[in-house]
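Both counts, for ligands and for their atoms, begin at 1 and track the order of listing. Note that this is a predicted model, so its numbers are computed, not measured. Atom set for the values below is all heavy atoms of this structure, side chains included, hydrogens, waters and symmetry mates excluded.
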Amino acid sequence: MRLAARMQSIGTETAFEAAARARALEADGRDIIHLEIGEPDFDTPAHVREAAKRALDAGATHYAPFAGIPELRATIAEDAAARKAFAVDPSQVFVTVGGKGVMVYAILGLIDPGDEVIVPDPGYPIYASLTSFVGATPVPLPIRQEHEFRLDVEELESLVTPRTRMLVVNSPANPTGGVLTRGDVERIGELAVRHDLVVLADEIYARILYDGAEHVSLASLPGMAERTIVLDGFSKTFAMTGWRLGYAIVPPSLVQAYGTLIINTVSCAPTFVQVGAVEALRGPQDDVEAMVEEFRVRRDLVVDGLNAIPGVQCATPRGAFYAFPHIGGTGLSGAELADRLLTETGVCVLAGTAFGGLGTEHVRISYANSRDNLTEALRRIDAFVRQHAPAPAPA
Ligand SMILES: Cc1ncc(COP(=O)(O)O)c(C=O)c1O
């Protein structure tokens, strides 16, 4: 069948494809360790599941209001005001199907053909994919390991042109685990105001932070609440990826547009799922804290293990649950290493290029897996690199 021309401009999220390939190998009897997909391996906290089950039995099986059930919008507004440190009225909160919904609406609603959107490279691939899909140009902003995977504000400024409409900022970041400092965020805010940019602030990993790192929401800075769309959600913080629930906090000027886009696409997010989400935010938070502490232990295991492999250099991530090691010293590209690790050792990781051109010499490893599996994966990667990787060229 003939596809619409715009389908030539859309990208994808390789994690889902890699996972399918790994599962196909598994179905053939291969023993696979999955380090490709970005989701907590923990179960959704029991009190959240119970709340959703009760809601189902109580009849929360009908359409919800398009923006979300009032109780959840009010709870998100309260939680965001406290954690993100800016005033949020419930009317600015839109409950979406996944955090991904927030980015779809931001780009559909604000970006015209010919506009430029500055996106992190490496970064979550859907920002650039959707930008191209609407006929605009994604402009990659290099995020470098030597700069602790924080964006360089001067480099960012050099990419702004009269066509720049939107800047996407993701901290803590997928795939690097980089976290912006308060100083970084302040300078980005000043730049956005100076150049009159809209900011999509993807804060979906805001509560997965280590070593006392602080989360500073871009929307909390002077002049930013009126130009920032905050993307957050339940997938990562509460191990609720399969519930498909995220939220946007938008400036009052975008309330009408977000409502219209939701009505035109999904009508509303599932009703009983939203009741579960109220419990996630209002109920005990110890499961979240325990999960983050466990991620920290695994992070250290993975970073130490990777740095012991010849030709591999891994920076210490300060947030999220990904490591993004530089593997150039093995003599293989990230794509070759990812492919050979899967087929020859049964360890599934993602090529860094899944996140942009700057990821060529990297792979992404999700450490949302058990310590035992991570230890075994590191053993296999180490053995593979020592045996098979071509020796680096002499200096
Ligand atoms: C940076 C980033 N933003 C947004 C999302 C989407 O989250 P959700 O599963 O809630 O749609 C992800 C998921 O991997 C992500 O890594």
Side-chain angles (χ1 to χ4, degrees), residues 11-19 34-42 44 48 68 72 76 94-107 117 119-131 138 141 143 149 151 166-180 199-209 215 217-218 228-249 262 265-266 269-270 273-274 276-277 280-281 295 317-324 349-350 352 354-356 359 364-369:
T12 190
E13 191 177 346
T14 320
F16 286 101
E17 290 168 5
H34 292 274
L35 307 183
E36 73 279 19
I37 204 102
E39 68 172 335
D41 55 320
F42 300 96
T44 303
V48 177
L72 180 57
I76 291 169
F94 286 86
V95 178
T96 53
V97 175
K100 218 174 225 171
V102 180
M103 65 185 87
V104 174
Y105 302 137
I107 290 173
V117 176
V119 298
D121 177 359
Y124 188 61
I126 301 303
Y127 313 134
S129 168
L130 288 172
T131 301
L141 168 63
I143 307 289
F149 288 130
L151 65 82
M166 182 184 280
L167 164 66
V168 181
V169 179
N170 173 218
S171 175
N174 176 10
T176 60
V179 176
L180 297 173
V199 175
L200 173 61
D202 185 340
E203 302 183 352
I204 199 137
Y205 297 101
R207 290 186 61 188
I208 307 179
L209 286 167
H215 173 64
S217 177
L218 262 159
T228 304
I229 297 164
V230 173
L231 179 163
D232 206 332
F234 297 85
S235 299
K236 318 289 175 170
T237 310
F238 299 100
M240 289 172 65
T241 45
W243 296 56
R244 308 307 305 127
L245 205 67
Y247 57 88
I249 302 170
I262 290 177
T265 50
V266 294
V273 162
Q274 297 190 51
L281 288 176
F295 282 150
R318 305 201 58 219
F321 39 70
Y322 309 107
F324 199 65
V349 302
L350 295 182
F355 303 91
R364 189 194 77 171
I365 292 180
S366 163
Y367 49 85
N369 206 324

Regarding K236 and E203, does a basic nitrogen lie under 4.0 Å from an acidic carboxylate oxygen?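 Judged by the 4.0 Å cut-off on N to carboxylate O distance, K236 and E203 do not form a salt bridge.
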
[atom] [closest protein heavy-atom partner, distance rounded to 0.1 Å]:
atom: atom 7 (O) of ligand 1; value: I204 CD1, 3.6 Å
atom: atom 1 (C) of ligand 1; value: D202 OD2, 3.3 Å
atom: atom 9 (O) of ligand 1; value: R244 NH1, 2.9 Å

By number and element, which atoms of ligand 1 are closer than 4.0 Å to a non-hydrogen atom of [X]?
X: M103; answer: 3 (N), 4 (C)
X: G98; answer: 10 (O), 11 (O)
X: Y127; answer: 1 (C)
X: S235; answer: 8 (P), 9 (O), 10 (O)

With side-chain hydrogen bond (donor to acceptor under 3.5 Å, both in side chains) as the criterion, how do Y105 and T265 come out once you've worked through the C-alpha distance, each side chain's angles and the decisive distance to 0.1 Å? CA-CA 10 Å; Y105 302 137; T265 50; 2.6 Å; yes

Hey, what's the ring geometry for F321 with F295, parallel, tilted or perpendicular (30° and 60° as the breaks)?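 Tilted.
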
V168 and P120: which non-hydrogen atoms are nearest, and at how many Å?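 Shortest heavy-atom separation between V168 and P120 comes out as O-CD, 3.5 Å.
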
Full working for ring-ring contact (aromatic ring centres under 6.0 Å, His included) between F42 and F238: CA-CA 9 Å; F42 300 96; F238 299 100; over 10 Å; no

Spatial distance of atom CG (D202) from atom NZ (K100) [nearest 0.5 Å]: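 Going from CG on D202 over to NZ on K100, the span is 11.5 Å.
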
Quick one: does any side-chain atom of [X] pair with a main-chain N or O of [Y] as donor and acceptor, under 3.5 Å?
X: S366; Y: G38; answer: no
X: N174; Y: T176; answer: no
X: S171; Y: L180; answer: yes

For ligand 1, which part of [X] has a heavy atom less than 4.0 Å away: the side chain, the backbone, both, or neither?
X: F234; result: neither
X: K236; result: side chain
X: F16; result: neither

Does any N or O atom in [X] lie less than 3.5 angstrom from one in ligand 1, N or O only?
X: G99; result: yes
X: N174; result: yes
X: N170; result: no

